[in-house]
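Note sheet for the following structure.
A note on names: the letters A, B, ... follow the listed sequences, proteins ahead of strands, and every chain is numbered from 1.
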Amino acid sequence: MPDSNEMLEELNPEQRRAVTAGDGPLLVLAGAGSGKTRVLTTRIAHLIRERGVPPRRILAFTFTNKAAREMRSRVERLLGGVAADCWLGTFHATGVRILRREAARLGWDRDFAIYDTDDTEALLRELLGSRTLPRHLSPAEARQRLSAWKNERVTPERARALAGDPIERVVADLFADYEQALRRNNAFDFDDLIARPVDLFEAEPEALRPYSERFLHVLVDEFQDTNAIQMVFIEQLSGHHGNLLVVGDDDQSIYGWRGARIRNILEFEKRFPATNVVRLEENYRSTAPILEAANQLIAHNRGRMGKNLWTARQGGERIRAAMSADEEEEALRVARLAQEWVEKGGSRNDIAVLYRTNAQSRALEDALRRHNIPYQIVGGTRFYERREVRDVLAYLKVVQNPADSVALLRTLNVPRRGIGDTTVGRLQAAAAARGWSLSEAVEHCQEIEDMGRPAARRLAEFARFLAQLRGLAAGATCAGVVQAVIETTDYLAYLRQTDEATFETRRENVEELVSAARAFAEESDDASLRAFLEEIALLTDIDGMRQDIEVVTLMTLHSAKGLEFPVIAITGIEEGLLPHASSLQSQVDVEEERRLFYVGLTRARDHLYLFTASNRRRYGDYEPMMQSRFLAELPESCLEAETVRAPSWRSYAEGDPDTYWRQQGQGAQVPRRGVRDEDGTRESAATYEDDFSQEHVALAVGMRVRHEKYGVGRVERLEGHGDMMKVTVHFERHDAKKFVARYAKLLPVR
DNA sequence: CGCTCGCCGTTTTTT
DNA sequence: ACGGCGAGCG
């Protein structure tokens, strides 16, 4: 363990100033790679050791559990075991911790459930089912709207007044019902985990006092991503002693779509006039070219606090940029680069491949798999979102919290036990009419008049089954209950019977759930089912990331925030993807996309690779893509373009899209030739071209052609030239279809 | 009640 | 390309 002086000597003067600052509000503007985690952990250690603050009187917020764990272990390295007493966790985990203590005060039972996005949407589906809607309203849309309101502290009454269009009015009407339903189900949604404590603290100041008096110091990481309600939460908890340290970087604010308010950081000094400000601008992570590129890029944003990162590091190679014809070739290049890195003695752990949307991972996965390069995906379809896993979890939830109608509905007929929609409808109607919960309706099924004999018998059997399961669960650990559910429902037999083809994978997932429960029961000091369910509910994507295995990591740019790798590859740097199409309507949103790219660039320590493709599959069809405007914003001196001359970006920057397009088309053809594997077999991109290229098939209007899937048809229309040529074919057995000619796999028919 | 087929929306990011 | 879901049939 280092002594205090050693601890401080390792810091630069600005970092030291932040660590040793006195009481009161403190704003640390910490650029990427400037050592903010070190500042936070050393500050906590300093408070405890030098200032005599008891660990239990320190509260620190992070955005992910992973960040919390890392912070805890680093404080422990500085101080030893006392760090365990700090309150250190995500906003949501801290909210839960408070809710467990205060649930009764709010009218919830201590065994409350936490609803994730899927649960919430299932509940909304239940509620929407009984309403007539003006137009199509999806549960997802309703959830987003409600979530936005809750995060802005808008009440159901206020929502009614605010609602503009008819859809919004329907959702506003639904709001109060939804809140009641959560209460009936003894559940909180994600937003509630913060909103309910905040509301409670506001309504009953004496409920807040034990907390605000307890926490002598409150610290917040990633402050630029806090939203309105989190800001209130922070103010409530730090209000009594006023010792609030926030660390953030306005240039890395990427959660505006989730209600994050960048003005929390921009206006912090206005809100707390006595604020001490520390700026950390020395970067300890990246090479000079990477940093220079990042600086130039972000300079295009307005409304920044402004800072210039610098590094003492000398040298460093240029950023490499490569353009591919399509996403397959792009993925192939990524696989190659990983392979070469490993051949040169590098570790796969050094490499992260980043993208804007989860859907982009597919082509990358295929290429990595073909090259036998092990990889892990952070996020995407998460383990706990898989159908088979959720089925088992639903049983666990019902056992834990009988009031949970969402979980109960899921279990009623899985595995099939002859309880169909009609029966469920009658149950719901009876529950509504008599003020029962759904599980009470199941238990009283004999008393429901219009319930048929066979249905009532099956329901009674199901109720007995649940009771038996609860009895079994009473003395067991979470692992025991998981095991019991799988065995007593004969769930694996059900899986095999529903879909033979996917059975193996699904069985493995179920078994992984068993292992997860076992591991939790062994490692956690509370092995209860409740603790396990809570852990799962609060897990984040990034928490599942492993560093103990030798793999390349694939993830979204959002997930990459806060991480660093020696080698970073960013793929799909194209208009419509980055910046994403949904952001193009507003300047503000494009700036957030630029920050997202900035976050990506600044993850790299030594090597940075940028990839674009001129065609990309979207919704199954190839679409031509343009290089991102952001590429043109990087200084040429930092770049080395492999397949395309930098001037094509320049021409785009100068607003000459036609030139740009022509160059793109040409650039894209060059690298496709001679793309081969080590053993000489051709990669799919090349094979594809040789077998199906339209270069040798001179398409003409009126020509008869055959398509692999759609059969025979007639060419109706040709648009564009070369790579970009599109062909419309009217098929005999289908409607007209439009293809990028190059990829259409059309063969002439005589 | 359960199964199959075809249509529809989906891909923005996540606690 | 793919999964979810409603309609229609056995």
Practice problem: Indicate, with a heavy-atom threshold strictly under 4.0 Å, whether A/T357 touches base, sugar-phosphate, or nothing. | Solution: sugar-phosphate
Exercise. Have a look at A/F91 and say if it touches a base, only the backbone sugar-phosphate, or nothing, with a 4.0 Å heavy-atom cut-off.
Key: nothing
Between atom [atom1] in [X] and atom [atom2] in [N], what is the gap in whole Å?
{"X": "A/D421", "N": "C/dC5", "atom1": "CG", "atom2": "C1'", "value": "11 Å"}
{"X": "A/R362", "N": "B/dT10", "atom1": "CZ", "atom2": "P", "value": "19 Å"}
{"X": "A/L578", "N": "B/dT11", "atom1": "CG", "atom2": "P", "value": "18 Å"}
{"X": "A/Q144", "N": "B/dT10", "atom1": "CD", "atom2": "P", "value": "10 Å"}
{"X": "A/D119", "N": "B/dT15", "atom1": "CG", "atom2": "P", "value": "15 Å"}
{"X": "A/I114", "N": "B/dT14", "atom1": "CD1", "atom2": "C1'", "value": "16 Å"}
{"X": "A/R616", "N": "C/dA1", "atom1": "CZ", "atom2": "C1'", "value": "16 Å"}
{"X": "A/Q230", "N": "B/dT14", "atom1": "CD", "atom2": "C1'", "value": "12 Å"}

Counting just side-chain N and O atoms, does [X] come under 4.0 Å of either OP1 or OP2 of [N]?
{"X": "A/T423", "N": "B/dC1", "answer": "yes"}
{"X": "A/R416", "N": "B/dC3", "answer": "yes"}
{"X": "A/H580", "N": "B/dT12", "answer": "yes"}
{"X": "A/T556", "N": "B/dT14", "answer": "yes"}
{"X": "A/N358", "N": "B/dT13", "answer": "yes"}
{"X": "A/S583", "N": "B/dT12", "answer": "no"}
{"X": "A/T422", "N": "B/dC1", "answer": "yes"}
{"X": "A/R387", "N": "C/dG3", "answer": "no"}

Exercise. Would you kindly check whether a donor in the side chain of A/R356 faces an acceptor in the base of B/dT13, or vice versa, at under 3.5 angstrom?
Key: yes
Quiz prompt | Base B/dT13 paired with A/W257 side chain (donor-acceptor, <3.5 Å) | solution = yes
Practice problem: Establish, yes or no, whether the cationic atom of A/R417 lies under 6.0 Å from the six-membered ring centre of A/F465 and within 45° of the ring axis. | Solution: yes
Quiz prompt | Pi-cation contact, A/F112 with A/R100 (under 6.0 Å, within 45°) | solution = yes
Quiz item: Would you call the rings of A/F61 and A/F91 parallel, tilted or perpendicular, where under 30° means parallel and over 60° means perpendicular?
Solution: parallel
Which nucleotide in the set [options] lies at the smallest distance from any side-chain heavy atom of [X]?
{"X": "A/R125", "options": "B/dT12, B/dT14, C/dC5", "value": "C/dC5"}
{"X": "A/Y255", "options": "B/dT15, B/dT14, C/dC2", "value": "B/dT14"}
{"X": "A/Y619", "options": "C/dC2, B/dT11, B/dT13", "value": "B/dT11"}
{"X": "A/N413", "options": "B/dC1, B/dT13, B/dG2", "value": "B/dG2"}

Self-check item: Pairwise 5' ranking along DNA chain B for A/R458 and A/L538, keeping only the more 5' one
Solution: A/R458
Quiz item: So which one's nearest nucleotide on DNA chain B is more toward 5', A/R618 or A/Q497?
Solution: A/Q497
Self-check item: Intermediate values then yes/no, salt bridge (Lys or Arg N to Asp or Glu O under 4.0 Å), A/K150 and A/D189
Solution: CA-CA 10 Å; A/K150 285 171 92 155; A/D189 67 19; 2.8 Å; yes
Self-check item: salt_bridge(A/E121, A/R143) N-O dist < 4.0 Å
Solution: yes
Quiz item: Is the shortest distance from a Lys or Arg side-chain nitrogen in A/E575 or A/R629 to a carboxylate oxygen in the other one below 4.0 Å?
Solution: yes
